[in-house]
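Everything below concerns the one structure shown next.
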Amino acid sequence: MTTADEPEQPALLGLDDVPAAPAPRRRGRAKQPAGPAAVDPVARVVLDLAPAHLDREFDYLVPAPLADDAVPGVRVRARFGPQEVGGYLVGRAATSDHDGRLVALRRVVSPDPVLAPEVLALARRVAERYAGTLSDVLRLAVPPRHARVEAEVLAALAEQTNDGQAPPPASPSDGDGWAGVWAPYRGGEAFSRRVLAGQAPRAVWTPLPGLAAGPEGPARTPHWAAAVAHTVRACLAGGRRALVVVPDARDVDRVCAALAVAGVPDVVRLQADDGPAPRYRAFLHARHGLAAAVVGTRAAMFAPVPDLGLVVLWGDGEETLAEPHAPYPHAREVLALRSELQGAAFLLGSPGRTVQAQALLAHGWAQEIGAPRDVVRSRAPRVRALTSVELAREGAGAAARLPSAAWRAARDALAHGPVLVQVPRTGYLPVVACARCRTAARCEHCHGPLGLRGASATPQCTWCGRLAGGWRCTECGHDRVRAVRVGSERTAEELGRAFPGVPVRVSASSAPGGVLDHVDAARALVVATPGAEPVAEDGYAAALLLDAAVATAGTGLATATEAAHRWLAAAALVRPAPQGQVLLVGDAAPAPTSALVRFDAPGLAERELDERRELDLPPAVRVAAVTGQVDAVRAVVARVGLATPEAVLGPVDLPDDGTRLEPAVRVVVRVPLAQGTELAHQLRASMAVRAARREGGSARVQLDPAEML
C-alpha cells in the first residue's frame, strides 16, 4: 500500500495484455497482441506530468514490436491512469523493482533519440538546484517535435553517414581573421591554448571596448565577438565542439559574422523566436553532430552538443538570460553546471560584471581574464560625468535634460561622425503624473501606470492598454498630466529641434524601424534604449547617456551593476580617446558613475560582493522565494526544516499587478551557501507533499531570485 506522498505505479496489465505496435485503423481482423521484448523488456520512462509528487521514473513493459525503436532518449506515449501522456524513455532494464505486472508502452512517437544522456544528466542537476521537477526542465531543454523537419534532417543524416555515428566536427579553414585578439589580456592567450589542448579552463572575462579591425571592409564587429570567435576556432581545432549563448538575436548575428571571418564552418543558430520548425531543425542538427558550433539565445543553453569542449556566455547581466518559466534557471548557472558535467571549458564575458560572476572568482571556481589598466585607458573613450556640481557654472541651462555642455559636445562630435544618445526607456512619455500635485497617474481599472504614446495622445495604461480619456487625479482632482519619464521617441523629437538638419535615427523596440543592427559613418544622431544600440562603422564620435539618475534610482539589489553594465556597453561602441568621448548626464549614484568613468566594472562588482557578504545577501547566501496565497505559502514553508525564524523574512504583501484574483504574499528563506543544496531538496519535497495532498491555493518556489522582496 502506498502513502499519500508516494505515487502509485500505473495500472497493471498481464503479459498477455501487451498491445501490438500501433497501426492505422482499418477494416478486417484486428492484430493479435504481441509479447514483451526478448531483451531488457522493462522501460524506464519520465512522463510529462505537472504534479511534483509524480517527479520520478516509472517502469513500463516494452512490447516486442517496439523493441528496436524503444531506445534511451526517444519520445514515447504511455498510459497513466485513465489518460495517455507523453514522456521520454531514459533506460532499459531486464527486471523491475515494482511488484506486479507492468503496463505496456503505447507507442514510440519517433525512433530518433532526441534526449541526449548528457542533457538528461544536466536537466536532473538543474531540477535539483532550483527545487523544480525534471519534466519542467525537459520542457525547456527539448523543443516540441516537428515531424516534417525531423524527416528532412534524418534523411540528410543518412546520406552523410551509414554507421549511425555523428560525423566529426569540421576543422576551421585557413586564415583566422581575429588572430592576436587575446594578446592584450592577462591570461587570454593561455586560456585559448588550454582550450586547444582539450583542457577545461574556466574564466570570467571583462573585454576591452571598441571594435575589432577585420581583414577587409569597415570595422563593424565588436571586439568581444571577435575574441569569442577566436576561442571557438581553437576549440574546433582541438577536435571538440562549442556552444555560445548570448542575450538576443542581434548578438547571435554578430557572433555568427565573427565566426565566418574566423573561418569556422557548420555554425547553427538556435533561437526560440525563429519559430517551431527552424528551432527544431537547429536542435536536431546539434543533436546529431551536424554543427561544429551552436550559437543561440537562452533557448540554446540546453542544446545537445556532442563532444562539447567550450561553453561561452555573453552579457550574463541581461534579464533575457533568466528563464521566466519554472523552475526559473539562469543561463549562467546552467552553463556552469554543464561545464562541470561534460568537462568543457567555460568563458563568461560581459561589458559590466554581475555580483554572481564576481562570486565565481571569489570562490576560486573561475579565473579572471582582463587587460592591464594602461591598455584599458588607451582603448577607452574619455568619460565625463555631467552632474549638478559639474554643471553649476552653466546657470539655468544646468537643469535642462540636455545641458549646454552636452549640446556643445554633441555638436562638435557630429562633425566627425555619428553620435549615440542612450535613453533608459522606449516610447514617447511612458510614465506621467498629475501636473499639479505630481501624484503618479494610475489606471482606474487595473491601477497600472499611465503613459502617452504621442504628443496629442490620450493617456493610456501601460498594463491593460485601456485609454484614460476622462482621467482625474485622485488626490487633487486635476485633469492634466506632465511627463515623469521621457522615452526614446520624445527624445528624438527634442533632438530634432535642437539640431536642425541633422538626421535622427531611433533604435528601439517601439520605433517604426525597430532595433537597428548598425549605422554608417555619416553624420547623424542615433537614439537608442539600453541593449538596442547599433554598431557604427569605425565607432561613434561621442555618446550621451541621458537620465542617469533614472538608471540608478531603483531599490533592487542589482541596480548599480545593471546601470554600469548598460553604460559600459554603450561606451564600448565609442572611439577611443582623444577622438571619442562619453558624457553621463544626471546625478547618478556615485559607485556606478565611478565605474563608468574609470572603466572598472570588476571594481564595482567586488565592492558590491563585499557589501552583500556583510549584509548576508545573495550570492553570499542562498535564497529561496515562496510566492502565492498566504495559506499555501505558509504550508509550504512550514515543512521546510531550514526555515527557522532567523532564516525567514516575511511574509510581505505583493502589489496588485492587475492579473491576480486574490492577494499574494512572498516569504524569503535565507540560508548559508553550505546549506543551499539541502534547502532546495526540502522545498522540492514540500512542493511534492503539497501536490500529493492537493492543497488549495497557489504557491510558487523560486531559488536565487533576482530580487529578495
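Residues Val626 and Val640 have side chains not in contact (no heavy-atom distance under 4.5 Å, counting atoms from C-beta outward). Here the side chains of His330 and Leu321 are in contact, with some heavy-atom distance below 4.5 Å. Between Leu525 and Val504, the closest side-chain pair of non-hydrogen atoms falls below 4.5 Å. Using a 4.5 Å heavy-atom cutoff, the side chains of Thr320 and Thr297 are not in contact. Taking the side chain as every heavy atom from C-beta outward, Leu609 and Pro619 approach each other to under 4.5 Å. Looking at heavy atoms from C-beta onward, Phe599 lies out of side-chain contact with Pro351 at the 4.5 angstrom threshold. Under the 4.5 Å side-chain criterion, counting only non-hydrogen atoms from C-beta, Pro651 is not in contact with Val633. Gln702 has its side chain out of reach of Thr627: every pair of non-hydrogen atoms, C-beta onward, lies at least 4.5 Å apart.
With Arg622 contributing its side chain and Leu679 its backbone, the two residues share no donor-acceptor pair below 3.5 Å. Side chain of Arg612 to backbone of Pro618: a donor-acceptor contact under 3.5 angstrom is found. Panel note: side chain Arg250, backbone Glu533; a donor-acceptor pair is recorded below 3.5 Å. Of the possible donor and acceptor atoms, none in the side chain of Arg382 sits under 3.5 Å from a partner among the backbone N and O of Ala577. The backbone N or O of Gly556 lies less than 3.5 Å from a partner atom in the side chain of Thr559, making a donor-acceptor pair. Remark: the backbone N or O of His325 is paired with a side-chain donor or acceptor of Glu323 at under 3.5 angstrom.
In summary, Arg254 and Asp251 engage in a salt bridge, as defined by a charged side-chain N under 4.0 Å from a carboxylate O. Between Arg139 and Asp136, at least one side-chain nitrogen of the basic residue sits less than 4.0 Å from a carboxylate oxygen of the acidic one, meeting the salt-bridge criterion. Ionic pairing of Glu695 and Arg639 is present here: one or more N-O contacts between side-chain nitrogen and carboxylate oxygen are shorter than 4.0 angstrom. A salt bridge links Arg129 with Asp704: the closest approach of a Lys/Arg side-chain nitrogen to an acidic carboxylate oxygen falls below 4.0 angstrom.
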Could you go step by step and tell me if Leu703 and Leu683 meet the side-chain contact (heavy atoms from CB on, under 4.5 Å) rule?
CA-CA 10 Å; Leu703 271 292; Leu683 283 168; 4.0 Å; yes
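Taking the ring axis of Phe499 as reference, the NZ or CZ atom of Arg523 does not stay both within 45° of it and closer than 6.0 Å to the ring centre.
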